[in-house]
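A short worksheet on the structure shown next.
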Amino acid sequence: MPLFALVDCNNFYASCERVFDPRLIGKPVVVLSNNDGCVVARSNEAKALGIAMGVPFFKIRPLIREHRVVALSSNYTLYADMSRRVVEVLSSFTPDLEVYSIDESFLDLAPLNLSDPGRFCREMRATVLRWTGLPVSIGLGSSKTLSKIANRLAKKKAEAGGVMDLASHPVRTESALASTPVGEVWGIGPRSEAKLLALGITDALRLRNAPEGLIRKVMGNVGVRTVLELRGMAIHTLDTEPAQKQTLCRSRTFGRATRELGDVRDAVVAFASRTAEKLREDGLVAGALATFIMTDRFDADARQRSASASDPFGIPTNDTQEIIGAATRTLSRIWKDGYAYRKAGVLLLDLVAGNDRLRDLFESSRKRAMRRMAALDEINARFGHGAITFGLSSLKAPWRSRTNRLSPCYTTEWTDLPVVQS
DNA sequence: TCTGGGGTCCTAGGACCC
DNA sequence: TCTGGGGTCCTAGGACCC
């Protein structure tokens, strides 16, 4: 029987910022999404002010000023590197580890045969804090869903000291489930929550005890799996090998809307080019590409339109030129004048490992293209991202995101390295 | 003035086949 | 008055996750 530990970094993005700028410690901090649009992370002090997850930044500006909340643009380069460090520390404790998201990992501790899993977790927690500067919380349970609930309580209850063990503690588990609102259960989103509330199933304990047939009727098999997990059955297993990606997407909401095909084409070319780079980085080739454009769904006065089209590649590819070609081709098929477009994106589909792809008559010209792409990637790696690009991407283009509050890339750029003053 | 981005899995329904 | 049943594959959309 597996023993899941869910290790989750507390307020991850805000904590990363604090590691390199200790002046932020003790202060309310929020981290913002693309375009500095909404709040995607909050320090405890910011949560205490009632700032909700996902709230549009402009709506809380008065609050920000009044309480001197520090607002930062998100610095994904920094967060990704810090995430890698946390995983490295955790891997030194056990190889049975699944990286679930940028700030969460599931571990299976059962193979370690620990006499005191709680103590082991407290030690892991202290080590991550010492070696990375990041505070984490750890929940223990016999299923992933239960370890999620344990983790939530580890964060909420100060006396837990960052670790909550629900495995083989039936009484503690009952009261934990009773105090967990049903909408907080992993896998229960807003839609299912509404249906369950209508049935009087308000908390995780009631969900656990609900008849399977009823749950199947309102939520299908997905819901039944959640119920079984709450009962302690490990339906979801540990997935140590990250599954191969099936799609790869680059999209952005523009800094402001545009009616010009030229603007949107520039953006789509840039997205296509970035998807191609990412594809090569991951050692993949794509079998098809889709491009989508849409107007501003929040602008009630604007005429709305959203369109997409896809094209297969004859032979799966990761060649930037080919991918840009397909993206501009599909864009011209879906383009219609007279709309103010606010968002666009490029999706690569049917991904397969690069060396699995079919060979064809044009293999040698393909090899030249591959060498060209390898050179391109190397130059960009050496001289900075964007040193060589396809097409002209003006820095002032309207589709560029606004990120006015970006912190330095402390750990990945020599020029941003923190300096210790003596 | 201002509302994110990148994914996965599941299901229902249509097209098609014998 | 009457119009099968069962299977597969594909796609779009729903729901959810962080």
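We name chains A, B, ... by the order of the sequence lines, and we start the count at 1 in each one. In this text the structure is predicted, and so the values were computed from the model without any measurement.
- If you find the closest nucleotide of DNA chain B to A:Gly220 and to A:Lys278, the one lying nearer the 5' end belongs to A:Lys278.
- The aromatic rings of A:Tyr13 and A:Tyr79 sit parallel, their planes meeting at an angle under 30°, below the 60° perpendicular limit.
- Nucleic acid contact class of A:Phe57 (heavy atoms, under 4.0 Å, all strands): none.
- The residue among A:Arg250 and A:Ala243 whose nearest nucleotide of DNA chain B is located toward the 5' end is A:Arg250.
- In this structure, the nucleotide among B:dG7, B:dT3, C:dC18 sitting nearest to the side chain of A:Thr247 is B:dG7.
- For the pair A:Leu347 CG and B:dG7 P, the computed distance is 8 Å after rounding to whole Å.
- Distance noted for atom P between C:dC18 and B:dT3: 25 Å (whole Å).
- Rounded to whole angstrom, the span from the CG atom of A:Asp103 across to the C1' atom of C:dC17 amounts to 12 Å.
- Here the side chain of A:Ser101 is nearest to one of B:dC2, B:dG4, C:dC18, namely C:dC18.
- Distance from the side chain of A:Val40 is smallest to B:dG4 among B:dG4, B:dG5, C:dC16.
- When side chains are defined from C-beta on, A:Ser192 does not count as touching A:Val218, because their heavy atoms never get closer than 4.5 Å.
- Residue A:Asn221 places at least one side-chain N or O under 4.0 Å from the OP1 or OP2 atom of B:dT11.
- There is a side-chain donor-acceptor pair under 3.5 Å between A:Ser407 and A:Asn75.
- For A:Phe58, the listed nucleotide lying nearest its side chain is B:dT3; candidates were B:dG6, B:dT3, B:dC10.
- Among the atoms of the strands shown, none is found under 4.0 Å from any heavy atom of A:Val39.
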query = Is there a side chain to side chain contact (heavy atoms under 4.5 Å, CB included) between A:Leu24 and A:Leu72 once you walk through the steps?
reply = CA-CA 11 Å; A:Leu24 301 177; A:Leu72 299 162; 4.2 Å; yes
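- In terms of phosphate contacts, A:Asn34 brings a side-chain nitrogen or oxygen within less than 4.0 Å of OP1 or OP2 of B:dG5.
- Residue A:Glu193 contributes atom CD, which lies 14 Å from atom C1' of C:dA15 at whole-angstrom precision.
- When heavy atoms are screened at a 4.0 angstrom cut-off, A:Lys343 is found touching the sugar-phosphate backbone but no base atom.
- Remark: A:Thr253 is not in phosphate contact with B:dT3, judged by side-chain N or O atoms under 4.0 Å from OP1 or OP2.
- By the side chain to side chain donor-acceptor pair (under 3.5 Å) test, A:Ser147 pairs with no residue at all, sequence neighbours left out.
- For A:Ser33, taking side-chain heavy atoms from C-beta onward, the closest of the listed nucleotides B:dG4, C:dC18, B:dG5 is B:dG4.
- In this structure, A:Glu184 does not pair ionically with A:Lys155, as no charged nitrogen and carboxylate oxygen lie closer than 4.0 Å.
- One atom, CZ of A:Arg225, and another, P of C:dC16, lie 14 Å apart when rounded to the nearest Å.
- If you take CG of A:Asp296 and P of B:dT3, they are 6 Å apart, rounded to a whole angstrom.
- Residue A:Arg191 has its side chain nearest to C:dC16 when only C:dC16, C:dC18, B:dC2 are considered.
- If you check B:dT8, B:dT3, B:dC2 against the side chain of A:Lys245, the one that comes closest is B:dT8.
- Atoms CG (A:Leu279) and P (B:dG7) sit 11 Å apart, rounded to a whole Å.
- Ring geometry for A:Phe20 against A:Tyr410 counts as parallel: the plane angle stays under 30°, on a 0 to 90° scale with 60° as the upper cut.
- Counting to the nearest Å, the C1' atom of B:dG4 and the CZ atom of A:Phe292 are 12 Å from each other.
- As judged by a 4.0 angstrom heavy-atom cut-off over every strand, A:Lys148 is placed among residues touching the sugar-phosphate backbone only.
- Nucleic acid contact for A:Leu248: sugar-phosphate only, since backbone atoms but no base atoms lie under 4.0 Å from a heavy atom of the residue.
- Among C:dA15, B:dT3, C:dC18, the nucleotide with an atom closest to any side-chain atom of A:Lys59 is B:dT3.
- Here the nucleotide nearest the side chain of A:Gln246, chosen from C:dC18, B:dC9, B:dG5, is B:dC9.
- Phosphate proximity of B:dG6 to A:Arg252: present, with a side-chain N or O under 4.0 Å from OP1 or OP2.
- When heavy atoms are screened at a 4.0 angstrom cut-off, A:Ile102 is found touching no nucleic acid atom at all.
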message = A:Ser137 vs A:Asn10, test: side-chain hydrogen bond (donor to acceptor under 3.5 Å, both in side chains). Steps then yes/no.
response = CA-CA 7 Å; A:Ser137 298; A:Asn10 302 352; 2.8 Å; yes
ask   = If pairs are Watson-Crick or G-U with both distances under 3.5 Å, what is the dot-bracket string of DNA chain B, marking crossing pairs with [ ] and pairs to another strand with |?
value = ....||||||||||||||
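- One can place OH of A:Tyr76 at 10 Å from C1' of B:dG6, the figure rounded to the nearest angstrom.
- A cation-pi geometry, defined here as NZ or CZ lying under 6.0 Å from the six-membered ring centre and within 45° of its normal, holds between A:Arg303 and A:Tyr339.
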